Visitor: 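Below you will find the structure I want to go over with you.
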There are 2 protein chains.
Amino acid sequence: MVPTSGTEPRKITINDVARSAGVSRQTVSRALNDKGEIDSDTKQRVLDAARALGYRPSRFARGLVRQDTMTIGLVIPDLLNPFFTEVAAAALEAARTRGWHVVVYDTADRAEEERGTLQVISSQVDAVIGYFSCSESELEASTRGMPVVLIGREGGSTRFSSIRIDGEEGVHAAVAHLVAQGHTRIGMLDHHTRAEPSIRYEWFTAAAVAHGIDAGLVVGADQTADGGGTALRTLLAAHPEVTAVFTFNDIIAIGVLREARRLGRSVPRDLAVIGFDGLQLGALVEPPLSSVALDTRQLGALAVEQVARLLSGLETLGAEDLVVRAELRLSGSA
Amino acid sequence: MVPTSGTEPRKITINDVARSAGVSRQTVSRALNDKGEIDSDTKQRVLDAARALGYRPSRFARGLVRQDTMTIGLVIPDLLNPFFTEVAAAALEAARTRGWHVVVYDTADRAEEERGTLQVISSQVDAVIGYFSCSESELEASTRGMPVVLIGREGGSTRFSSIRIDGEEGVHAAVAHLVAQGHTRIGMLDHHTRAEPSIRYEWFTAAAVAHGIDAGLVVGADQTADGGGTALRTLLAAHPEVTAVFTFNDIIAIGVLREARRLGRSVPRDLAVIGFDGLQLGALVEPPLSSVALDTRQLGALAVEQVARLLSGLETLGAEDLVVRAELRLSGSA
DNA sequence: AGCGCTCCCGTGAACGTTCACGGGAGCGCT
DNA sequence: AGCGCTCCCGTGAACGTTCACGGGAGCGCT
């Protein structure tokens, strides 16, 4: 019979090691876990046997009997997007202080990968924190009974907790600042992954209207630096009179800074720029980026905190507590 | 008796749901896993009971019986360091194509956290990819029998596989380029987390000697942009004649670019700068960063590939295949 | 009436580990 | 001699799920 490539050799168990070393499985367990109550010679013999056989303990069997580990899943669309890098780092930090493990899933911004992740995640983790683009019913179907905390998404149902990002005042302050600097033609580079405009655009519109300026100078942009550059060209081609730009996020704004330089426009003199997110990255570019900044560490900490409450059955945080405020932070670019 | 905060309510099991719904545990399993062979009314009753009780299946029990999931641990010192962000993203991507799960541990660059991670990781994952600063014997003690692939570290023993970063030629090319541009006083900003100089410094020294220039203009720098700025000031204070700088990595180089601007030095005219790593970030700063660039995606893919071979018992890759070459990539800064 | 088939459900066993407990051997002390 | 203690080791049970298998009820067909 030809052995197929799929025929795994039967898994080595603790009993195989025990037999090989001439001891009981309990003694093997003692040797491997550095417990006492074992002779040092015996211990060495067991360790040698385990190594010779290539034994690896089953984490499932171990986890089943001593139920002391907690693992959460973190689902993000793109780890290389600095915003999600910061969120992930914050979540990892908050999880670490609780001794939790974090399985990270990067869905590459594709619905297909997100669906695939949702299908497998429930058997891997005890709770989920994430940024999802699928419908709530899809989410519900694959996370039955599991705590789920959404980030940056207005939760329609009460099934899921969600951390809300409130930038209304911050965006208002940003527009007010630009107007105070004398700008009257302020463009916005929104994201364009969705058909409908973003809530950040709505905040911008409201602020513009409140200051009596045109809120219609809007162009969709890819959520990358290149996308920001391209969108800036489009915006300036359509509206050359624009002297200030507010962007959906910092990555787009950084692309704007770069493109402005290529176009020979000095920032902030010829073009004022304000982003959104307040990434650490904004301090590295020239000029340093002004931004409606939010505290990503607080965001991660809040998400983990809520998961902890959901898991323990404690009183959960209400929607009014699950908010991260974004505030205007002025730097060189505006 | 006062209930202590530690008294968890006994975990709800499949049997509790079965009893509540008046069926057997197998029927509960069928309902929850969308298997057939179940009446739709029964299924709904089970689902309701499960929800009412707050039942969450044990992933350990499930994993124990159907052994089909593979999980690897990824240990990095700082996810916010863009180099490790890229490595992590690459590893996640490579793992995803294999259907593997990845638990990420950020050790915050602290030996204590690294030790803590090592202690718990063995019961959580099937293999480890990581960047460790501890000794090999410590590593060995806590990863007994588990495949381990180290990145960017010369493996002394044969116990561990390691992905080597070979920048010798790339650094030589960088120095050659600077010399060709007329630079004779080239400084280096090494990292200073360790007592001994880095291997990148050794490459730099060898290249400098080969070109007959002084290799002694070296200053240690923190692995941050601020660290790079501070180190540049120190370097220029001691050696005002320096006209070019090679840095341990891109983050330090970006700090150098920023500091040069503050000092009124134009890059590359007054100061040429070449980094190491080739981060995507380098394209966002002004001027775009020249760097001895390595392919982080290849690095991640290679690490995951080796883990797969170690786990399956296939022939493993030898040291000569576990190499990522870093090559000079010129951009605006030099 | 008897047979086979489909639909639906339940019971014993197994996955691989740790926990709880029991107990033998050897030694020192009274 | 008897007792207690330490050191070392082994056996049954349990963790909570899925798999394999058996089987009853109901229906249609010959």
Side-chain angles (χ1 to χ4, degrees), chain A residues 8-47 49-50 53-71 120 122-126 144-146, chain B residues 8-47 49-50 53-71 120 122-126 144-146:
Chain A
E8 308 258 336
R10 197 181 57 76
K11 195 163 179 349
I12 309 279
T13 75
I14 199 172
N15 287 309
D16 298 319
V17 178
R19 202 171 316 123
S20 166
V23 296
S24 74
R25 59 177 195 284
Q26 179 62 15
T27 297
V28 175
S29 176
R30 278 190 268 253
L32 292 169
N33 296 321
D34 272 328
K35 301 270 172 133
E37 306 195 13
I38 185 171
D39 184 78
S40 63
D41 287 348
T42 311
K43 181 172 177 176
Q44 194 54 51
R45 205 168 69 239
V46 170
L47 260 35
L53 292 174
Y55 169 69
R56 291 197 302 265
S58 157
R59 61 198 164 84
F60 293 114
R62 183 176 289 178
L64 183 57
V65 52
R66 40 179 217 218
Q67 357 217 16
D68 52 355
T69 60
M70 183 65 69
T71 302
V120 299
S122 69
S123 60
Q124 295 293 315
V125 304
D126 302 303
R144 227 185 278 286
M146 203 165 43
Chain B
E8 309 260 334
R10 199 182 55 77
K11 194 164 182 346
I12 310 279
T13 75
I14 199 172
N15 287 309
D16 299 320
V17 179
R19 201 172 317 123
S20 167
V23 296
S24 73
R25 62 176 194 283
Q26 179 62 15
T27 296
V28 175
S29 176
R30 278 189 269 256
L32 291 170
N33 296 321
D34 271 327
K35 299 273 172 129
E37 307 196 11
I38 185 172
D39 184 80
S40 64
D41 287 348
T42 311
K43 180 171 177 175
Q44 194 54 52
R45 206 169 68 242
V46 171
L47 259 34
L53 293 174
Y55 169 68
R56 292 195 304 266
S58 157
R59 61 198 163 82
F60 292 114
R62 184 175 288 179
L64 184 57
V65 51
R66 42 182 217 215
Q67 358 218 15
D68 52 355
T69 60
M70 182 66 68
T71 301
V120 299
S122 69
S123 60
Q124 296 293 316
V125 302
D126 302 302
R144 227 184 278 284
M146 203 164 45

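Within every chain, numbering begins at 1; the chains are lettered A, B, ... in the order of the sequence lines, protein sequences first and strands thereafter. Everything quoted here is computed from the prediction, not taken from an experiment.
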Visitor: Determine whether the side chains of B/Arg59 and A/Thr71 contain a donor N or O and an acceptor N or O closer than 3.5 Å.
Guide: yes

Visitor: Does the side chain of B/Thr13 get closer than 4.0 angstrom to OP1 or OP2 of D/dG16 through an N or O atom?
Guide: no

Visitor: In this structure, how many angstroms lie between the C1' atom of C/dC15 and the CZ atom of A/Arg62, rounded?
Guide: 16 Å

Visitor: Over all heavy atoms of both residues, which pair between A/Val17 and A/Val46 is shortest? Give the atoms and the distance, please.
Guide: CG1-O, 4.0 Å

Visitor: Which of these nucleotides, D/dG10, C/dT18, C/dG10, is closest to any side-chain atom of A/Arg66?
Guide: C/dT18

Visitor: For the backbone of B/Lys35 and the side chain of B/Asn33, can you confirm whether one donor and one acceptor N or O come within less than 3.5 Å of each other?
Guide: no

Visitor: Using a cut-off of strictly less than 4.0 Å between a heavy atom of the residue and any atom of DNA chain D, enumerate the qualifying residues of residues 27-44 of chain B by number.
Guide: B/Ser29, B/Asn33, B/Lys35

Visitor: Looking at A/Lys11 and A/Asp16, is any side-chain nitrogen of the basic one under 4.0 Å from a carboxylate oxygen of the acidic one?
Guide: no

Visitor: Categorize A/Arg25 for me: base, sugar-phosphate, or nothing, with a 4.0 angstrom heavy-atom threshold over every strand shown.
Guide: base

Visitor: Scan B/Ile14, B/Thr42, B/Leu32, B/Asp39 and name whichever one has a side chain to side chain contact (heavy atoms under 4.5 Å, CB included) with B/Thr27.
Guide: B/Thr42

Visitor: Taking all non-hydrogen atoms of both residues, which atom of A/Ser24 and which atom of A/Ala18 are closest, and how far apart?
Guide: C-CB, 3.7 Å

Visitor: Rounding to a whole Å, what distance do you find between A/Phe60:CZ and C/dG16:C1'?
Guide: 12 Å

Visitor: Round to a whole Å and report the spacing from CG of A/Asn15 to P of D/dT11.
Guide: 11 Å

Visitor: Would you mind reading off the distance between A/Lys11 atom NZ and C/dG16 atom P, rounded to a whole angstrom?
Guide: 7 Å

Visitor: Minimum heavy-atom separation for A/Ser122 and A/Met146, please, with both atom names.
Guide: CA-CE, 4.0 Å

Visitor: For A/Arg19 and D/dG10, what is the distance between atoms CZ and C1' respectively, to the nearest whole Å?
Guide: 16 Å

Visitor: Without decimals, in angstroms, what is the distance between B/Ile14 CD1 and D/dC15 P?
Guide: 14 Å

Visitor: Counting distance only, does the side-chain N/O of B/Arg45 pair as donor-acceptor with the main-chain N or O of B/Ala21 below 3.5 Å?
Guide: yes

Visitor: Reading 5' to 3' and counting Watson-Crick or G-U wobble pairs with both distances under 3.5 Å, write the dot-bracket notation for DNA chain D, | for bases paired outside the strand.
Guide: ||||||||||||||||||||||||||||||

Visitor: Verify the contact: side-chain N or O of B/Ser24 to OP1 or OP2 of C/dG10, cut-off strictly under 4.0 Å; return yes or no.
Guide: yes

Visitor: Between B/Val65 and B/Gln26, who's closer to the 5' end of DNA chain C by nearest nucleotide?
Guide: B/Gln26

Visitor: Shortest non-hydrogen contact from B/Thr69 to A/Phe60?
Guide: OG1-CZ, 3.4 Å

